[in-house]
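Numbering of residues begins at 1 and proceeds along the displayed sequence. These values consider heavy atoms only, across backbone and side chains, with no hydrogens, waters or symmetry-generated copies. Just follow the structure's listing: the first ligand is 1, and inside any ligand the first atom is 1.
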Amino acid sequence: MDKDLLIVPKDFPELKNDTFLRAARCEEVEHVPVWCMRQAGRYLPEFRESRAGKDFFETCRSPEACCELTLQPLRRFPFDASIIFSDILVVPQALGMDVQMCPGKGPIFPEPLKEPEDLQRLRPKVDVDAELGYVFKAITLTRHKLEGKVPLLGFTGAPWTLMSYMIEGGGSTTHSKAKRWLYRYPEASHKLLKQLTDVIVEYLLGQVTAGAQALQVFESHTGCLGPAEFKEFSLPYLRDIARRVKDKLKESGLENVPMIVFAKDGHYGLEELSESHYDVVGLDWTVDPRSARERTGGKVSLQGNMDPCALYATKERISEIVKKMVEGFGTRGYIANLGHGVYPDMDPEAVGAFVDAVHTHSRQLLNRK
Ligand code: 1CP
């Protein structure tokens, strides 16, 4: 992307439901907005059918396929937001790494980074438009095809989470190979985190230029860091991303693109996250809604956080759990979501029950006021 170019708004259909955007700005709403992480996913039979026999990253590179997969959950449920179908691992690919998605196993990097010299294998300067233009095309197409029904979110993985995949070579429970770098090669770790940050900033700005109306940054691997490592290797980069993206958006008159940070299992950093230039802090289910509110002191909107496994409960039980959650967070400055993504074996009807329960209970609470 040409850094000197200001972002020019494209001619998109008018937004009909801005509840999500208003909640992100802590403005008044008629109901609490709701969406689900992994709302486009294998729990939907139509998703499994569309994806059958196709390579995951080839699907990611097809704007038409990404658009279709993004729209599928909205045809079933009255979600208040959509999220572009893609993956966080397209960024390591843009840096020159080979990443494959093995069905049933997850992502595999055949040649992960092992030692600091391996950083030389990464592209020193990434042409974000050339490498990730397919995501921008998918966003623009989807924004048109959404017909203004709900806002479209763009997203990225955060630097530490991406770094950990690039060193582990795939999913991991301990992240010990990546953490080895933090303790043994702190300088090289910062170099890599900085390099990822620079690409991520351009990538997010490119997504807004393409039509994304909000941005979520996934720091999915916060849980394996202690508070000191979080403060050194995750938080400064999360902050830098939000500050740089916001500054650039402001220059273009686009202050109204909310940014969400979701640092999974990073509850020890809740206070810092609420003061890190993001509009919304996403929460996993291990945080109590009332205490999250107290600890963030009304500075930000909150998003989350029902345990995804509660979707295995009956509809009646889901409704009770949602009622408590909405009462706990309150209806102002709140976006309902799960504390992590929907699992593939979950019943779509349970997702529908979750969405309905958020709308029903929040309307009742708001009407009582
Ligand atoms: O074919 C398939 O269904 C593979 C499953 C799948 C899907 C549906 C993967 C592989 N990625 C995705 C899409 C995806 N990934 C989306 C868009 C869809 C939506 O949310 O509706 C998003 C936002 C992501 C983000 C993502 N990818 C994260 C951050 C969120 C989180 O889960 O913490 C992470 C960590 C990934 C990596 C990834 N991609 C896929 C898998 C199985 C994994 C996890 C690997 C692991 O660590 O074990």
With hydrogens left out, which residues have an atom under 4.0 Å from ligand 1, given that only heavy atoms count?
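Within 4.0 Å of ligand 1, the protein residues are Arg38, Gln39, Ala40, Arg42, Phe47, Arg51, Phe56, Ile83, Ile84, Phe85, Ser86, Asp87, Ile88, Met101, Pro107, Phe155, Tyr165, Gly171, Phe218, Ser220, His340.
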
Contact between Val150 and Phe20 at the side-chain level, heavy atoms closer than 4.5 Å - yes or no?
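No - every pair of side-chain heavy atoms lies 4.5 Å or more apart.
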
Could you check whether Arg121 pairs with Glu111 (Lys NZ or Arg NE/NH1/NH2 to Asp/Glu carboxylate O, under 4.0 Å)?
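Glu111 and Arg121: not salt-bridged.
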
Parallel, tilted or perpendicular: rings of Phe12 and His144 (30°, 60°):
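If you compare the ring of His144 with that of Phe12, the planes turn out tilted.
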
Would you please classify the geometry between the His359 ring and the His31 ring as parallel, tilted or perpendicular, with 30° and 60° separating the classes?
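His31 and His359: perpendicular rings.
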
Under 3.5 Å donor-acceptor, Ser301 side chain and Ala23 backbone
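Yes; judged by distance alone, with no hydrogens or angles, the pair exists.
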
Test applied, ring pair (Phe, Tyr, Trp, His ring centres under 6.0 Å); reference residue, Phe233; option that passes from His175, His221, His190
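Exactly one option meets the ring pair (Phe, Tyr, Trp, His ring centres under 6.0 Å) with Phe233, and it is His190.
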
